[in-house]
S.K.: 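Can you read through this structure? Questions will come right after.
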Amino acid sequence: MDKFDHNESDFLTLYYSKATGKVALYCSTRQNMSYFGELKDDYSKIYDYIHVSYDKDIINNFKDYRVIDGKLRSEKDRIVKLEEENKDIKETIKSLTQVILEQGGI
């Protein structure tokens, strides 16, 4: 993460869909819905925003991020988490199958 002195350059404002959490656009520095000028009331119906520390990965891959429960999450992290959850489910199915087979099947 590139860091400057503690000023507005340290931050990004991420605008995200209220419906999906997908980050739609960003701007450097802290902004609010006034960023959209006269359209701010219209845009505030579909977008919300958060401030995060400046990070080049977010800038380069902002479409790979979502805001979930007010926190920025990477889709990559989400995929890894789903893979881990699926691993647990597979292990549970394997264990249950073994128990069923040991008891003579269904």
Side-chain angles (χ1 to χ4, degrees):
M1 184 181 321
D2 292 342
K3 283 298 220 174
F4 304 104
D5 292 334
H6 293 287
N7 60 39
E8 289 302 304
S9 304
D10 290 346
F11 298 96
L12 295 171
T13 301
L14 304 177
Y15 295 94
Y16 64 93
S17 165
K18 288 181 177 182
T20 66
K22 285 187 174 186
V23 175
L25 64 144
Y26 69 89
C27 64
S28 56
T29 74
R30 289 188 223 214
Q31 297 286 334
N32 56 32
M33 294 309 287
S34 295
Y35 178 78
F36 297 107
E38 63 186 40
L39 296 174
K40 71 179 181 178
D41 292 335
D42 293 335
Y43 280 28
S44 67
K45 292 176 184 173
I46 58 171
Y47 292 123
D48 204 350
Y49 66 94
I50 62 169
H51 299 124
V52 298
S53 296
Y54 180 89
D55 185 327
K56 278 190 176 181
D57 185 64
I58 296 171
I59 291 171
N60 293 329
N61 302 294
F62 71 94
K63 293 191 180 233
D64 292 338
Y65 287 86
R66 289 181 185 254
V67 176
I68 301 171
D69 297 327
K71 296 184 180 183
L72 186 63
R73 302 285 187 228
S74 168
E75 286 294 313
K76 295 171 198 167
D77 294 341
R78 189 170 174 224
I79 290 168
V80 169
K81 184 177 178 183
L82 287 172
E83 288 173 348
E84 289 173 0
E85 288 173 359
N86 284 337
K87 181 181 174 187
D88 291 342
I89 291 169
K90 287 177 184 177
E91 289 298 319
T92 301
I93 291 171
K94 184 177 176 182
S95 296
L96 290 173
T97 301
Q98 185 64 34
V99 169
I100 290 170
L101 292 173
E102 287 172 358
Q103 294 180 358
I106 296 179

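Just so you know, residue 1 is the first one in the sequence shown, and it goes up from there. Predicted model only: the values in this text are computed from it and were never measured.
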S.K.: To the nearest 0.5 Å, what is the distance between CG on D64 and NZ on K22?
M.R.: 10.0 Å
S.K.: Tell me, please, which residues at least two apart from Q98 pass side-chain hydrogen bond (donor to acceptor under 3.5 Å, both in side chains).
M.R.: E102
S.K.: With a 4.5 Å cut-off on side-chain heavy-atom distances among I, L, V, M, F, W and Y, is there a chain of contacts connecting I59 to L72?
M.R.: yes
S.K.: For residues D57 and D55, report the shortest heavy-atom separation together with the two atoms involved.
M.R.: N-OD1, 2.8 Å
S.K.: Is there a path of hydrophobic side-chain contacts, each under 4.5 Å between heavy atoms of I/L/V/M/F/W/Y residues, joining V52 to M33?
M.R.: no
S.K.: Centre-to-centre under 6.0 Å for Y35 and Y49, is that the case here?
M.R.: no
S.K.: Please confirm whether the backbone N or O of N32 pairs with a side-chain atom of H51, one donor and one acceptor, at under 3.5 Å?
M.R.: no
S.K.: From the options Y43, F36, Y26, Y47, select the one residue that forms a ring pair (Phe, Tyr, Trp, His ring centres under 6.0 Å) with Y15.
M.R.: F36
S.K.: Can you tell me how far the NZ atom of K40 sits from the OG atom of S34, to the nearest 0.5 Å?
M.R.: 4.0 Å
S.K.: Measure across K18 and K45 and return the closest heavy-atom pair with its distance rounded to 0.1 Å.
M.R.: CD-O, 3.8 Å
S.K.: Roughly how far apart are F62 CZ and L14 CG, rounded to 0.5 Å?
M.R.: 9.5 Å
S.K.: Group every Ile, Leu, Val, Met, Phe, Trp and Tyr by side-chain heavy-atom contacts under 4.5 Å, then state whether L12 and L25 land in the same group.
M.R.: no
S.K.: Roughly how far apart are T20 OG1 and I68 CD1, rounded to 0.5 Å?
M.R.: 10.0 Å
S.K.: Do you know which two heavy atoms are closest between T13 and T29, and how far apart they sit?
M.R.: OG1-O, 2.7 Å
S.K.: If you measure from CZ on F11 to OG on S28, what distance do you get to the nearest 0.5 Å?
M.R.: 12.5 Å
S.K.: Could you see if V23 belongs to whatever hydrophobic cluster contains I50? Use Ile, Leu, Val, Met, Phe, Trp, Tyr and a side-chain cutoff under 4.5 Å.
M.R.: yes
